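A short write-up of the structure that comes next.
Numbers restart at 1 for each chain; the letters A, B, ... are given by sequence-line order, proteins then strands. Bear in mind the structure is a predicted one, so any value in this text is a computation, not a measurement. Just so it is clear, the values below take in all heavy atoms, side chains as well, and ignore hydrogens, waters and symmetry mates.
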Protein chains: 2
Amino acid sequence: MKRVIADVGERLRAGEYKLTPRREHILKVLLENKDKHLSAEDVYNLVKQKAPDIGLATVYRTLELFLDFDIIHSIDFGDGCKRYEFGNSEEGEQHRHHHLICNRCGRIIEVNEDLLEDLEKRVSREHDFTVTDHQLKIFGLCRDCVK
Amino acid sequence: MKRVIADVGERLRAGEYKLTPRREHILKVLLENKDKHLSAEDVYNLVKQKAPDIGLATVYRTLELFLDFDIIHSIDFGDGCKRYEFGNSEEGEQHRHHHLICNRCGRIIEVNEDLLEDLEKRVSREHDFTVTDHQLKIFGLCRDCVK
DNA sequence: CTATGTGCAAATCCTTTGCAATCCA
DNA sequence: TGGATTGCAAAGGATTTGCACATAG
């Protein structure tokens, strides 16, 4: 984790930005919740525990900054707000994972394999489109809700 | 098109709703723009040409209604508003098509083949998840923007 | 006639922005 | 010191809601 923070700091500095204490707190919260899908408000509430005087606007601004630097990704599950997750791009895994979304309980299950390579190749050939990323949501019913 | 309207009317009535003139206008606009991805505001402006005194709220309420009845689908391309498209579920094609989104010019290209069957089977087996639908967005650069 | 549908305006929700104060290199 | 960063409050944009009136069946 320290490694990641240092890395992010370096990346930001390379772009003329600073990794301020505020931003570091936000980054930590994101790292500590890698598996969750936090909204800006969620992040705000979590960061407030460490830095009670932080403003919501700062959270938004920082998330925007992290997005620009591809440090995090945002997804929209259609619940009215964007959600953010730490992007594991350090592992050389360019593509993000996919999500199974339960229509009934709203549970979100992550699928970590990337199964779209063939499809992408085909699509990019047929449509003359240079693929850089993709996002797949699969809707349905989870184990518990099928019953 | 008449056929579709009649069909929608029947479906609504079966659910205790009416296909009022207002709703029919909205439906027509959606049908006439099958290939586009209209926002609520877009629909509003188009319907106003036929029924100038329609209210934006009615458009929202009707779109919501159509969504409930699976008459249309909504997608979010991340431009700040939901976009709607007529769902071709009549043709027995349960799954909707996919979208290639150009990161540069914002162009959206539709891919009509459904290439995810295998993937879905695998995922549903591995995660004990009953798939009902999916949504795939592929990001990248279109032909013109690659240059 | 009665429930449903509608227009309008106000309210809401998430997010962004302006600005003065603060911080850090 | 000077530009970047921040908190606060206000603004913004999309969507929803309350309510009185209109309408369909």
Problem - Residues touching DNA chain C, which here means a heavy atom under 4.0 Å, drawn from residues 51-61 of chain A - result: A:L56, A:A57, A:Y60, A:R61
Practice task
Verify whether one side chain among B:H98 and B:E110 offers a donor that lies under 3.5 Å from an acceptor in the other.
Solution key: no
Handout entry: Test item: B:I5 and B:D7 side chains (from C-beta on) under 4.5 Å apart, heavy atoms
Key = no
Practice task
Please find out if less than 6.0 Å separates the ring center of A:Y17 from that of A:F69.
Solution key: yes
Completion exercise
Rounded to whole Å, CD of A:E16 lies from C1' of C:dC24 at a distance of 15 Å
Fill in the blank from the handout: Those residues at least two apart in sequence (or on a different chain) that pass ring pair (Phe, Tyr, Trp, His ring centres under 6.0 Å) with A:H37 are A:F77, A:H99
Fill in the blank from the handout: On a heavy-atom basis, the closest approach of B:I54 and B:Y44 is O-CE1, 3.4 Å
Practice task
Indicate whether OP1 or OP2 belonging to C:dT6 is found under 4.0 Å from a side-chain N or O atom of B:R23.
Solution key: yes
Handout entry: Distance in angstrom units between A:E64 CD and C:dC14 P, rounded
Key = 18 Å
Exercise for the section: Examine C:dA25: is either OP1 or OP2 under 4.0 Å from a nitrogen or oxygen in the side chain of A:R13? Give yes or no. Expected result: no
Handout entry: Phosphate-side-chain proximity, B:T20 and C:dT6, N/O vs OP1/OP2 below 4.0 Å
Key = yes
Completion exercise
Whole-Å distance, A:D76 CG to C:dC14 P, equals 12 Å
Completion exercise
Taken to the nearest whole Å, CZ/A:R22 to C1'/D:dC8 is 13 Å
Fill in the blank from the handout: The answer to which of B:G80 and B:K18 contacts DNA chain D further toward the 5' end, by nearest nucleotide, is B:G80
Practice task
Take atom NZ of A:K82 and atom C1' of C:dC13, then tell me their distance rounded to the nearest Å.
Solution key: 14 Å
Exercise for the section: Could you check how far CG of B:L67 sits from C1' of D:dT15, rounded to whole Å? Expected result: 13 Å
Exercise for the section: Measure from NE2 on B:H25 to C1' on C:dG7 and round the result to the nearest Å. Expected result: 16 Å
Exercise for the section: Using atom CG of A:D42 as one end and atom P of C:dC13 as the other, report the distance to the nearest whole Å. Expected result: 16 Å
Handout entry: 5′-ward residue of the pair B:C81/B:P21 relative to DNA chain D
Key = B:C81
Problem - Modelled atom types, side-chain donor and acceptor of B:H97 and B:E85, under 3.5 Å - result: yes
Problem - Charged N-O contact under 4.0 Å between B:E126 and B:R122 - result: yes
Exercise for the section: Please figure out whether A:R83 or B:Y44 has its closest DNA chain C nucleotide nearer the 5' end. Expected result: B:Y44
